[in-house]
4 protein chains.
Amino acid sequence: MQKLKTSTRREKVEQREDAIIEAARRTFAKRGFAKTTMAEIARQSGVADGTVYLYFKNKEDLARAVVSDFYRRLTASAQSGVDELASTAEQLKFLATNHMELIMKERRILEMLPLINGEIDSYGGSELFDLNKNYVVIFDRIAKAGQASGNIKTNITPWILRDIFFGAMDYGFKTMMIKDRRKDIDLFVDDLLSLILVDSSAFKPRRDDMSHIAGRLEAAAERLETMIKRNPHER
Amino acid sequence: MQKLKTSTRREKVEQREDAIIEAARRTFAKRGFAKTTMAEIARQSGVADGTVYLYFKNKEDLARAVVSDFYRRLTASAQSGVDELASTAEQLKFLATNHMELIMKERRILEMLPLINGEIDSYGGSELFDLNKNYVVIFDRIAKAGQASGNIKTNITPWILRDIFFGAMDYGFKTMMIKDRRKDIDLFVDDLLSLILVDSSAFKPRRDDMSHIAGRLEAAAERLETMIKRNPHER
Amino acid sequence: MQKLKTSTRREKVEQREDAIIEAARRTFAKRGFAKTTMAEIARQSGVADGTVYLYFKNKEDLARAVVSDFYRRLTASAQSGVDELASTAEQLKFLATNHMELIMKERRILEMLPLINGEIDSYGGSELFDLNKNYVVIFDRIAKAGQASGNIKTNITPWILRDIFFGAMDYGFKTMMIKDRRKDIDLFVDDLLSLILVDSSAFKPRRDDMSHIAGRLEAAAERLETMIKRNPHER
Amino acid sequence: MQKLKTSTRREKVEQREDAIIEAARRTFAKRGFAKTTMAEIARQSGVADGTVYLYFKNKEDLARAVVSDFYRRLTASAQSGVDELASTAEQLKFLATNHMELIMKERRILEMLPLINGEIDSYGGSELFDLNKNYVVIFDRIAKAGQASGNIKTNITPWILRDIFFGAMDYGFKTMMIKDRRKDIDLFVDDLLSLILVDSSAFKPRRDDMSHIAGRLEAAAERLETMIKRNPHER
DNA sequence: AATGAATGAGACTTCATTCAT
DNA sequence: TATGAATGAAGTCTCATTCAT
């Protein structure tokens, strides 16, 4: 019975911590770090002001917990999705799509990163650094296997390939947000992967040994098609 | 004489505005937006606290001016460098290197972007949006010419190619900062370009045996594009 | 058996109370009243935060207990030392030295006095007042005997003599702390006593060769005077 | 005109600083350091909360200014009074009386001393240490002259004499406060001085060297007779 | 146009004390 | 009796912005 009680108490504590993180996440996402007050977070969590400080040393620490939590969810969903797929192309496609969808939803959370990591120099070794590493390593593993099996280009330094992969998406989603065209995620991901994969047939028509001429004709045709497809919407 | 006086006065005003922006830039870069006080900026500019408000409506407005100024300098240095080069590969290489070097130096300035653009939705149409557009258009022009001349892959949607280009660098420089390996810029840029360029063997413009037919088709396609863009209402 | 159990329980309670007082004493001495937290005291005592409040009404009450305890120890050590000595001079010397050594060690404790006695007006009659009285009465008794035996000057009002005695030491120890010269305690005490004692030969070289007879007569006369002076008023 | 304006402004600033110090003094004196809020001081000074921080770095700094101000007033009034008197005895009497009266009025201010001087070790060299030194040096000068002219005992180490002098008063006033007998100041001061001065005739009845023993014995005898005659019933 | 002293809202944080377990 | 998580009042201090000079 005592064990049960202890267990219950621990659960309660964890529930409370989760409630605070969740409230913080919501509020940070709505107002940004600076304009969010601890009082508001406390109110949203249904606890007293002081209680928040029992769980988190200060506002920055809470923000860090929120970002950590985001990274954990991101990593978990990415890993579990990747595990169910076999081919390099499919795995990367899932990883990319999952990434874009989640960072779109929680972009304000990611904007806090530079604020809560004082100097970039001290970032290496921090908890967040490790969490980020834990996440991107999913790509690294896929890429390594892909390069071994000849599915991914080998003439690019691995860490640069990774930076291109994630950097392109972190930047690209903003463009999409501004133009309010979330439906382009698929297009974006396909184009990105076609750059990385040796044989992008899974996403784009094959172009292997074709002559340049044929290739460019095709490209020109595609652009025309694209224009025509998009035009009606632009009106 | 009066004219001279007026001119002098106007110059003085401009000098003062520049001094404030420069001081703000330095201080924002050192401490970040939140930890920089208006009083510090005033002191660094050699003006009184109140004077800053004669030139800028508020702190956010001043930060916007700083970022605008940064974009203007970035665009100017990029454009002037690009203008002196002929080949697609050389132009892109310069654009990339210039970009990485400048954002490394002023990374804290760019971190302010999400803070001074309230909702991302209102970003499109803002002054900063236009300035950013002005900048990235340099890439767009090179890319267009590059695709026309067959130096750049054509199977990637242009705006996505652009996002990959800038996104990769904005992300990559962080990795390099953390590892304190700024010397990798060259490696990074080369790898990035090798993905984008059709023949990246030496980043030299390839004058391969162009087919007349392809050239004509391409030219036709461009003309069509232009027409359709200009006259959307014509159906 | 029940009695034994009760006794054990009572002992346990007393041990706990002592532990809390001791922890409080240490912490107050280290950080002062304001900067000491109840949580820290609880931690140092090895009890839970709430438990402290089972033994002491509040922080002030606990501080009072600490000071009371200090006075009790001060009184006990003074009394037991004095009891073993015979001459007025030796007794005062012991009393003074004992006082200086203890208040040097626990000066932060005494600094709390004004904080825990709200208005000075309500001090008279309080427990601390009584404890202080209990302590200084040791001096009073020595002084009375000393005056009776002619060893202490009689032309000073007794309570003033006492205030001079303790006041000089409470002030003097600070001077010594600042100059970090604790070795001057002896010098200080000797000088102080030479002022109070009629014949300070025990501490200072004799100044003249007064005859014993004259001296004794004078002392007797003074005692008579004192008796007569005070008697009518006391009625 | 500009000079006048500057002068006016400086005066205004000084007036404001004085007003804040005065309000702080009043409030600290009424409630003590801990229970005094900066908001209350601001309100009492007639300025906004933030304004106080333009003049004083923080609450502790303000308290220090209040104590400094007290020491300055104490020193000024002591010095000017002493300057008008000639004899050692008169000067010391004035110094003592002035001291007691002022510390009685502002005792809560002095109680703040241990709070605003963190560690006693760092007290030496601080501004308050210097101010205190400036003050007690008045005694030192009188004592030096007094010892030179033979009016003050020479067998006491000078700094100890000084500590006895001030210590006795700082302690004695408390006794008087508790018993609410401020009228005893005179008695106290006289007794204290009679200990320090070689010839305390100015304060105590003279007892010159010739035939005093016999004379006093005679007087004592007479008084005894009187007493006995007056109180026959007491037997 | 320039100054810079003054403002005052409001943020974060602490911690003595309580009370359900 | 003991616990310790929770409370929430209250305090200090900052700083963007204003406005009289």
Side-chain angles (χ1 to χ4, degrees), chain A residues 2 5-6 8-10 12-13 16-17 34-43 45-62, chain B residues 9 12-13 16 34-43 45-62, chain C residues 9 12-13 16 34-43 45-62, chain D residues 2 5-6 8-10 12-13 16-17 34-43 45-62:
Chain A
Q2 202 185 357
K5 216 174 172 179
T6 306
T8 306
R9 195 169 269 181
R10 188 179 300 164
K12 202 178 165 187
V13 162
R16 210 152 241 215
E17 187 171 312
K35 288 185 183 168
T36 295
T37 71
M38 291 298 267
E40 169 75 1
I41 292 171
R43 208 172 53 75
S45 320
V47 301
D49 289 20
T51 306
V52 179
Y53 287 86
L54 293 179
Y55 290 85
F56 304 95
K57 213 181 63 189
N58 51 36
K59 192 181 175 185
E60 207 175 295
D61 194 45
L62 175 53
Chain B
R9 212 170 251 176
K12 204 177 165 187
V13 162
R16 211 153 239 210
K35 289 186 183 167
T36 294
T37 68
M38 292 298 267
E40 170 75 358
I41 292 170
R43 208 172 55 74
S45 321
V47 302
D49 290 20
T51 306
V52 179
Y53 286 84
L54 296 177
Y55 291 84
F56 303 95
K57 211 182 68 193
N58 52 34
K59 192 181 177 183
E60 212 173 290
D61 194 44
L62 175 53
Chain C
R9 210 170 252 178
K12 204 176 165 188
V13 163
R16 210 153 240 212
K35 290 184 183 168
T36 294
T37 68
M38 293 297 267
E40 169 75 0
I41 292 170
R43 208 173 54 76
S45 320
V47 301
D49 290 19
T51 306
V52 179
Y53 287 85
L54 296 177
Y55 291 84
F56 303 94
K57 209 182 68 194
N58 52 33
K59 192 180 177 183
E60 212 174 290
D61 194 44
L62 175 53
Chain D
Q2 203 186 356
K5 215 173 171 180
T6 307
T8 306
R9 194 168 269 180
R10 188 179 300 163
K12 202 177 165 188
V13 163
R16 208 151 243 214
E17 187 171 313
K35 289 186 183 167
T36 295
T37 70
M38 292 297 266
E40 169 74 0
I41 292 171
R43 209 174 52 76
S45 320
V47 301
D49 289 20
T51 305
V52 179
Y53 288 87
L54 293 179
Y55 290 86
F56 303 96
K57 214 180 62 190
N58 51 36
K59 192 181 176 183
E60 207 175 295
D61 194 45
L62 175 53

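Note on naming: letters A, B, ... go to the chains in the order of the sequence lines (proteins, then strands), and numbering restarts at 1 for each one. Here the structure is a predicted model, which means the values were calculated and not measured.
When the side-chain contact (heavy atoms from CB on, under 4.5 Å) test is applied to Ala48(C), the partners found at least two apart in sequence or on another chain are Thr51(C). Evaluation of the side-chain contact (heavy atoms from CB on, under 4.5 Å) rule for Ala34(B) yields no partner, not counting sequence neighbours. Considering only residues two or more places apart in sequence or on other chains, Tyr53(B) meets the side-chain contact (heavy atoms from CB on, under 4.5 Å) condition with Met38(B). Judged as a side-chain contact (heavy atoms from CB on, under 4.5 Å), and not counting sequence neighbours, the contacts of Asp61(A) are Phe56(A), Lys57(A), Asn58(A), Arg64(A).
Leu62(B) contributes atom CG, which lies 5.0 Å from atom CD1 of Ile41(B) (distance to the nearest 0.5 angstrom). Summarising the geometry, atom CG belonging to Asp49(B) is positioned 10.5 Å from atom CD belonging to Glu40(B); distances are rounded to the nearest 0.5 Å.
Here the P atom of nucleotide dC13(F) and the CZ atom of Phe56(D) are 14 Å apart, to the nearest Å. The interatomic distance linking Arg43(C) (CZ) with dT3(F) (C1') rounds to 17 Å, in whole Å. To the nearest angstrom, P of dT17(E) lies 10 Å from CG of Leu62(C). Summarising the geometry, the separation between CG on Asp61(D) and C1' on dT12(F) is reported as 14 Å, rounded to the nearest angstrom. One interatomic measurement links the two molecules: CD of Glu40(B) to P of dA16(F), which rounds to 11 Å at whole-angstrom precision.
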What pattern of brackets, bars and dots sums up DNA chain E from 5' to 3', given Watson-Crick or G-U wobble pairs under 3.5 Å, [ ] for crossing pairs and | for another strand?
-> .||||||||||||||||||||
Going 5' to 3' through nucleotides 8-14 of chain E and flagging B where a protein heavy-atom sits under 4.0 Å of the base, S where only the sugar-phosphate is that close, and - otherwise, we get B--SSBB
Given side-chain contact (heavy atoms from CB on, under 4.5 Å), test Val47(C) with Tyr55(C) step by step and report yes or no.
-> CA-CA 11 Å; Val47(C) 301; Tyr55(C) 291 84; over 6 Å; no
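Looking at heavy-atom distances under 4.0 Å, Tyr55(C) makes contact with sugar-phosphate atoms alone, never a base. Looking at heavy-atom distances under 4.0 Å, Val47(B) makes contact with sugar-phosphate atoms alone, never a base.
Of the possible donor and acceptor atoms, one in the side chain of Lys59(C) sits under 3.5 Å from a partner among the backbone N and O of Thr36(C).
Checking dT3(E), dT3(F), dA6(E) against every side-chain atom of Arg16(C), the shortest atom distance belongs to dT3(F).
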